[in-house]
Amino acid sequence: MKLTNLQGAELINVLKSTMGSLWLITLESQEVEILQNVMIPELTGRVMDYKELIAIYLQEYVYPSDKEKWQACMSLSALKEMCQSACREKVFEMRFRNQSFGFEWHQAFLHVFEDESGKPDRILLSSRYINEFKRGEIIAKAVETEYDYVNYIDADTNSYVMYASNVQSGTPMPPITSNDYEMEVRTYNRIYVPAEQQEELTEKMMLANILPIIEEKGECIIYGNMLEDGVLKDKKMRYSYFDRENSILVMTRTDITEIKEEKRQKQLLQDALNAASAANKAKSEFLSRMSHDIRTPMNAIIGMTAIAGAHIEEQDRVADCLAKITSSSRLLLGLINEVLDMAKVESGNIVLAEEKIDMAGMTQSIINMIQPMIDRKKQFFEAHIEDVKDEMVIGDLQRLQQVLLNLLSNATKYTPEGGHILFEIKEKPSMQRGMGCYEFSVSDDGIGMTQDFLERIFEPFERADDEAIRSIPGTGLGMAISKNIVEMLDGTIQVESTYGKGSKFTATFCLRLQEQPEWNTASLAGLPILVVDDDEIVCVDVCERLEKMGMDGEYTLCGRDAVEKVVSAHYKGRDYFAVIIDLRMPGMDGIETTRRIRAQVGKEVPIIMISAYDWSEFEDEAVKAGVNDFIVKPLFQSRLVYKLNQLVSKQSEPISKGFNSLPQGEYGGKRILLAEDNALNREIATELLSAVNLDVEVAENGQIAVNMVQEKPEDYYDLIFMDMQMPVMDGCDAVRNIRGLNRKDVKRMPIIAMTANAFSDDVEKTKAAGMNEHLSKPIDMEVLSQTLAKWLL
Ligand code: ADP
């Protein structure tokens, strides 16, 4: 039987089984025969007025948003219009109310039938419920936006079909279907996965890897990076069983770049927050410590001033108060310098100077500065040098000294009374021509540090959490500053320490070498020297150096032996050319040894005393015992040659008298212009300069200074001291103006900065402005004396 031979009733039955509702509408009578109706089953079989039925539906069943659509498609007039036009079929979707879900989807078909004359006379409406289909569509849409794609993989045949893919995203996709999943993975990864991850990721995505993991955990998740338009994206691949029995897997790939980025941002924010609160905590701890540390000396200054005022007539009392005020002021100044320096280092505002450094001079001045602290704590200090061949270098002297001073002052601060401190300088082989590599180390047998603290020692504001250091004033900034400086100088700094035993700091710098002076050692050739020191390292080192100079060095480790050797040589008629004796030795010390030598052999043999200390304390006693000269440790070659040459020409230097409290010299008849805005500082400087009979005229700012020079005849002033920061016109501008005046004397007139702006870049600024030298406040009397002598004599 042909399909076309099917009877109408048979066709209706087929339709009934696939469609939910079937209405046959007769246009002329405007009636509808309800062949089947799922929504109102009791209407099935009835014939009704079409308009009435449509109205019931509109009222009760059509979902409000679709009411207009219902009218447009189903009203009698709409049907008539359809018939009049050539349109014979129409399909549309409608939503009807649903108690549980708000609405449900139906799909409706309108079909126009014609009578024998070809005139439209009936219309068949068939409709079916399509909610499931709609839901599938919605889910597929959602899946597409959520995943790059969803794959259905047949693990038995290694084939797959892609079910949903986010084509809009522009993400490169594997083919939609393939009979070789593993081959597609390899090809895709070769193109889109960064080379270093390719092999590992491909291996992970193979079925042999995935299946056991799904078996065990129910799912297998793989993360990887893939390139999209040259941008690296983070992807998550998830595999699970869709149909376990038939080994069918469902695999989804999701782009998680944004999530990861969000996480990363969150982590960054969290890290920044942690760092900020740690810094904040350290800063507030620092502030409270600082406030205590500043108040302590300030309190002493104020208190001592009051006491001195109340006892102004009692000289001893006033002198005692002044001494205490001085030491408290120094402490305060140190504190202020450190804090300012730290701020400067942290803001990266440091300009390094390039100046000539004499290693021996630098070491000497460092030791001189640290000396009083060591003496106060009755500590034992030693300074050694090893292989220092090049003593003249180029670098930032102030910064280098700052680091070494910090290491030395910490060593004395954190070592109890009577402890030992060793300062060593070594020149190591340098890898670069024209550069010298110097290793400075400071060791102590003090309180030491825990390993835990050593990890934080270079952090700003960190101090060991140790009962032993609570009473020791400090800011926790010195090491941070030192580390920064060392790094700026391209050096390194290391620390080793054992808690309770001591510490050793080692700083290494490579410094540019200056041309080294030629030492005149010709007249020293063959001369015998005896070195006496209980430290054998020093003895061996000095003898080696004497031998290099062509001399005949010999050593002994104790005073008693030394006396014997000198006496025996004397009686053999082969006196030593000189004896170099260490001041401090166990048993018989240097002074006693000298005394005994003098007692037995008279004044013939010159004796040079070496000491790691400022000898002013022992000077009188030593000279009385018969010491001819002094030399400080460490024994730099230049010092040794100089002293021995002096002995050859029998010209001993007058022995230093130590430091004086006021500047030294006599400058009667010389005139100074002092530009300084602070009245108190003006008074101090005038007083100091008057002490050496200088005639001082003052200017309260730079402009006044320029005017005063201009008004006076040529060569009226012999020297100008210039402050840097002043109102109206600052020091640098004033000097530029003075140097620019149209007269001869201003070109050669010494102008010296006398300022609290003591950083090395301030020194550079004053030089650039045309100043000859830079003295920093507070004024060091020794330096002032030397400067006056240099420029006025
Ligand atoms: P300050 O001495 O002002 O506290 P520093 O930055 O110079 O600050 O040193 C930081 C901390 O390191 C000190 O507070 C101390 O705990 C520890 N420290 C430094 N040098 C030594 C040392 N030689 N021996 C023991 N502890 C030291």
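Whatever order the structure lists ligands and atoms in, that order sets their numbers, starting from 1. Everything numeric in this text was worked out from a predicted model, so none of it was measured.
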*Using a strict 4.0 Å cut-off to heavy atoms of L477, name the atoms of ligand 1 that fall inside it.*
6 (O), 8 (O)
*I457 neighbourhood, listing ligand 1 atoms whose heavy-atom distance to it stays under 4.0 Å*: 12 (O)
*Give yes if a backbone or side-chain nitrogen or oxygen of F453 is under 3.5 Å from a nitrogen or oxygen of ligand 1, and no if not.*
no
*Would you kindly specify which portion of D444 sits under 4.0 Å from ligand 1, judged on non-hydrogen atoms: side chain, backbone, both or neither?*
side chain
_Which residue and heavy atom of the protein sit nearest atom 4 (O) of ligand 1, plus the separation_ = R463 NE, 2.5 Å
_Residue and atom name of the nearest protein heavy atom (relative to atom 9 (O) of ligand 1), distance in Å to one decimal_ = M479 CG, 3.3 Å
*Taking N or O atoms only and a 3.5 Å limit, does M449 qualify as a polar contact for ligand 1?*
no
*Under a heavy-atom criterion of less than 4.0 Å, does F458 contact ligand 1?*
no
*Any ion pair linking E487 and K483 (charged N to carboxylate O, less than 4.0 Å)?*
yes
_At less than 4.0 angstrom from any non-hydrogen atom of N406, what atoms of ligand 1 do you find?_
7 (O)
_Can a donor-acceptor pair be found, under 3.5 Å and without considering hydrogens, that links the side chain of K377 to the backbone of T412?_
yes
*Around atom CG of D271, are there more than 12 heavy atoms of other residues, nucleotides or ligands at under 6.0 Å?*
yes
*For atom 16 (O) of ligand 1, find the nearest protein heavy atom and state the residue, atom name and distance (0.1 Å precision).*
A464 N, 3.0 Å
_Give me the nearest non-hydrogen protein atom to atom 3 (O) of ligand 1 as residue plus atom name, then the distance to 0.1 Å._
T475 N, 2.8 Å
_Please check this pair: side chain of Q379 against backbone of T415, looking for a donor-acceptor N/O pair closer than 3.5 Å._
yes
*Is there a donor-acceptor contact under 3.5 Å linking the side chains of Q402 and N406?*
no
*Mind checking whether I447 has an N or O less than 3.5 Å away from an N or O of ligand 1?*
no
_I'd like to know if the side chain of R399 and the backbone of L489 have a donor-acceptor N/O pair within less than 3.5 Å._
no
_Contacting atoms of ligand 1, where contact means under 4.0 angstrom from a heavy atom of I469_ = 14 (O), 16 (O)
*With sequence neighbours left out, write down each residue that passes ring-ring contact (aromatic ring centres under 6.0 Å, His included) with H420, or none if nothing qualifies.*
F380
*Closest protein heavy atom to atom 7 (O) of ligand 1, given as residue, atom name and distance to 0.1 Å*: N410 ND2, 2.8 Å
_Suppose I only count heavy atoms of K413 and a 4.0 Å limit; which atoms of ligand 1 are within that range?_
1 (P), 2 (O), 3 (O)
*Quick one: do the S441 and E424 side chains pair a donor with an acceptor below 3.5 Å?*
yes
*Measure the distance from atom 15 (C) of ligand 1 to every protein heavy atom, then report the residue, atom name and distance (to 0.1 Å) of the closest one.*
Y414 CZ, 3.7 Å
Please report, to 0.1 Å, the donor-acceptor pairs under 3.5 Å made by any side chain of residues 507-514, with sequence neighbours excluded.
{"residue": "R512", "atom": "NH2", "partner": "E354", "partner atom": "OE1", "Å": "2.6"}
{"residue": "Q514", "atom": "NE2", "partner": "V393", "partner atom": "O", "Å": "2.7"}

*May I ask you to list the atoms of ligand 1 that are less than 4.0 angstrom from any heavy atom of E462?*
10 (C), 11 (C)
*D533/K633 salt bridge by N-O under 4.0 Å criterion*: yes
_Donor-acceptor contact present, side-chain E427 to main-chain G436, <3.5 Å_ = no
*Considering only heavy atoms of S503, which atoms of ligand 1 have at least one such atom less than 4.0 Å away?*
22 (C), 24 (N), 25 (C)
